[in-house]
Every structure is written in C-alpha cells, then in structure tokens.
S.K.: 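Before we start, here is the structure in question, set down as structure tokens.
Quick note: numbers below take in every heavy atom, side chains included, and nothing from hydrogens, waters or symmetry partners. Convention: sequence-line order gives letters A, B, ...; per-chain numbering from 1.
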There are 2 protein chains.
Amino acid sequence: MQLLNSSKYAIRILGYIANHETQQLCSAKELSETLTIPYKFLTKIMMKLVNADLIISIRGRDGGYKLAKPASSITIIEILNHFNEFSEQKQCILGIGLCDSRKKCALHDQWVKPKNMIKKMFETTTLEDISSDNFKQ
Amino acid sequence: MQLLNSSKYAIRILGYIANHETQQLCSAKELSETLTIPYKFLTKIMMKLVNADLIISIRGRDGGYKLAKPASSITIIEILNHFNEFSEQKQCILGIGLCDSRKKCALHDQWVKPKNMIKKMFETTTLEDISSDNFKQ
DNA sequence: ACAAAATACTACTTAAAGGTAGAATTTAAA
DNA sequence: TTTAAATTCTACCTTTAAGTAGTATTTTGT
Ligand code: SF4
Ligand code: SF4
C-alpha cells in the first residue's frame, strides 16, 4: 500500500525543482543533499526523468537540471506513469484483474470511492500545487 | 500503490473460508485450485495465518483449515497487520516519516482524506461483509 | 500394521526493487 | 590547454518478496 521509492523520490525531486525555478539549475549534488536521496540512485532517476521529457539536463561544468515544461502542466499521475505505477492494473485492490459491474472482487464496492479519490488527486495535482519547502526529511 | 501478493492472497483465502463455513474444513488443495494460488505458496501463507491465530488447522487425513473466530470478528486490518502492511509508517504517501500539522510533506493535505477512507475501510470491513463468491480469478 | 491424505517444516531458487561503483563524456572557467 | 565540476552510461551488488522442492509428521480408514 505504498508507492515505489523511485516514484516517491521522483515526486519530491520534481517538486523541489519546481520550487526553485527562480535560480537557474539544480545540480544532482544539491538535490541529493537537501532531499537526502542517495546520490547514485538520484542520478539514475534523473536519467529516467530526462528520458521522459519531464526534465532538461545541461551537461558539463555549471550544468544541472530544470523542468522541461511549466510546473503547472506536470501532474503527479504523469510522473507515476513513467514508473509504471497506478496503471489500470495496479489500481486494483485484490489484483483479480480488470472487472466490470457484474464480475467484481470481494472488496470492490468499498474500494471504488477511495480509489477514485486517489486517482483524482494524482490527476489534478500539479507540481505547482505542491511546490513548498516540505520536501526534506 | 498495491498490497503485497501475500496480503491479497490472505484476504481472498480467508474470505473464501468464511464463505464456506457450512462445510467442515477447507483443504489446501481445494483453496489452491479454486483461488488459483500456487499450492506451495498457499501452504506457506496458511502457516502464517495459523500462527496469527486467525486460522485453526487440523492435521492428518481429512484435515484442513477453518476460521479460528467468527467471520464477523475478523477485520481486514487485522489480516494486513500480520503482513506488516498499512502500519503508521506505511500509510505515508511520500514516506517522509511521521508528521504533525506543522511539519508535513508536499502531498499531505490531499492525501489525508483518501488515507482515512482506506483506513476506515480496512478497519470496519470484516470477513462477513466480504463473503461472496467473488474470490476467484 | 499399513497406506493414503492431509498439514508442518526447512531450505532453496527466482524476480524485482533498491542501491553502489567507476569510467566516459561534456562544458566552461582559469 | 588544462582542470574542475557536472551529467551519462554500463555494470554490478544487496535486499526483499515471490515462488518452488522435498521431507517429516499427523491422522484416519482399511
Ligand atoms: S472488482 Fe475492483 S477491486 Fe476487485 S479486482 Fe476488480 S477493479 Fe480491482
Ligand atoms: S505529511 Fe502526511 S503524507 Fe507526508 S509524510 Fe507525513 S503522513 Fe505522510
């Protein structure tokens, strides 16, 4: 009942960068230290985010990372999708597989409401909404 | 954003047994086949449930499993607790650690409501509520 | 007594996530 | 031109969940 560490890190990283767009770039060192994410693991995630066109990286000395689009246009669900989380399959509480109103699992009826709330939360929340200083540990 | 396979299996197993209490006992073979859970993995989970005093096992020929208490007294959260899921720590969306109203993470405000719904669902739903035929795949 | 059918136990293997290491490449300043 | 500081890339290690295998033990019917 948790997101993957990678996903959690990604959200916190992107949120932090969104909140520091006034300054030019964020380096991996800065991100790693302020967010207390293992440096090598962080750079791995950054590569993924660059590949997903969420982040633009500038190489070389004084390089770093910045958002590829406005913070207000990046939703949480878009981030999670790149880590293969919260797909239709993964929204399922008992993992019986896709269901319709006839064939449903034992917890379906009680799961529908919170599931939709979470879905809505992920779909409507953008990096702009969550940019604050509360990303640290 | 999913439960562990073990937890999902456990819920389905207990739900099925609760729904078949009219007959005497359920055997591992029967459970494995009707719920399409790998036999050896199932027996491993059954040992855990027996140890957790949720299930009583009868050994020997014609042996099998039955609930250790009335279905109405076993909540989903009690099951999950034995698999170390949905603990205080694990209810956290970004995994920053326990928080109070002053120190909270970026998604906290939007997470509170669905979190509490899920918690309530797990706490108030008993095996009796979910006993139906919808456990199969 | 014996065989059959069931659970219990211990140990191993596989798959996936999490994390680490080191060298290669790029860029800009001195 | 050299050096420093940054990202990129490839490969590896560790931990945990998932799943498998084989044997021992218990019970009941014949
Ligand atoms: S009925 Fe609902 S909870 Fe159950 S498997 Fe289908 S989508 Fe998931
Ligand atoms: S603020 Fe809320 S969501 Fe964030 S870490 Fe704390 S409990 Fe979890």
S.K.: For residues 111-118 of chain A, tabulate all N or O donor-acceptor pairs below 3.5 Å that involve a side-chain atom, not counting sequence neighbours.
M.R.:
residue, atom, partner, partner atom, Å
A:Trp111, NE1, A:Gln91, O, 2.8
A:Asn116, ND2, A:Val112, O, 3.3

S.K.: Roughly, in whole Å, what's the span from CD in A:Gln24 to P in D:dT7?
M.R.: 15 Å

S.K.: Round to a whole Å and report the spacing from CD1 of B:Ile45 to C1' of C:dT7.
M.R.: 15 Å

S.K.: Rounding to a whole Å, what distance do you find between B:Leu25:CG and C:dA5:P?
M.R.: 17 Å

S.K.: Quick test of your reading of the model: are A:Glu88 and A:Lys119 salt-bridged, counting only N-O distances below 4.0 Å?
M.R.: yes

S.K.: Please identify each residue that fulfils salt bridge (charged side-chain N to carboxylate O under 4.0 Å, His left out) with A:Glu123, with sequence neighbours left out.
M.R.: none

S.K.: Is any side-chain heavy atom of A:Ile11 less than 4.5 Å from a side-chain heavy atom of A:Leu80?
M.R.: yes

S.K.: Answer yes if B:Ile58 and B:Ile55 sit in the same cluster of Ile, Leu, Val, Met, Phe, Trp and Tyr residues linked by side chain heavy atoms under 4.5 Å apart, and no otherwise.
M.R.: no

S.K.: What pairs meet the side-chain hydrogen bond (donor to acceptor under 3.5 Å, both in side chains) rule with one or both residues in residues 37-52 of chain B, with sequence neighbours excluded?
M.R.: none

S.K.: Using the side-chain hydrogen bond (donor to acceptor under 3.5 Å, both in side chains) rule, collect all pairs that involve residues 53-80 of chain A, keeping only residues at least two apart or in two chains.
M.R.: A:Lys69-A:Glu78

S.K.: Under the side-chain contact (heavy atoms from CB on, under 4.5 Å) criterion, do B:Leu35 and B:Glu30 qualify, and how do the steps go?
M.R.: CA-CA 8 Å; B:Leu35 301 177; B:Glu30 174 191 355; over 6 Å; no

S.K.: Would you give a per-nucleotide map of nucleotides 16-22 of chain C, 5' to 3', where B means the base has a protein non-hydrogen atom under 4.0 Å away, S means only the sugar-phosphate does, and - means neither?
M.R.: -SSBBBB

S.K.: Considering only heavy atoms, which members of residues 49-70 of chain A lie under 4.0 Å from some atom of DNA chain C?
M.R.: A:Arg59, A:Gly60, A:Arg61

S.K.: Between B:Lys48 (NZ) and D:dA17 (C1'), how many Å, whole number?
M.R.: 10 Å

S.K.: In whole angstrom, what separates B:Glu30's CD from C:dT7's P?
M.R.: 10 Å

S.K.: Just how far, in rounded Å, is P of D:dT25 from CE of B:Met47?
M.R.: 15 Å

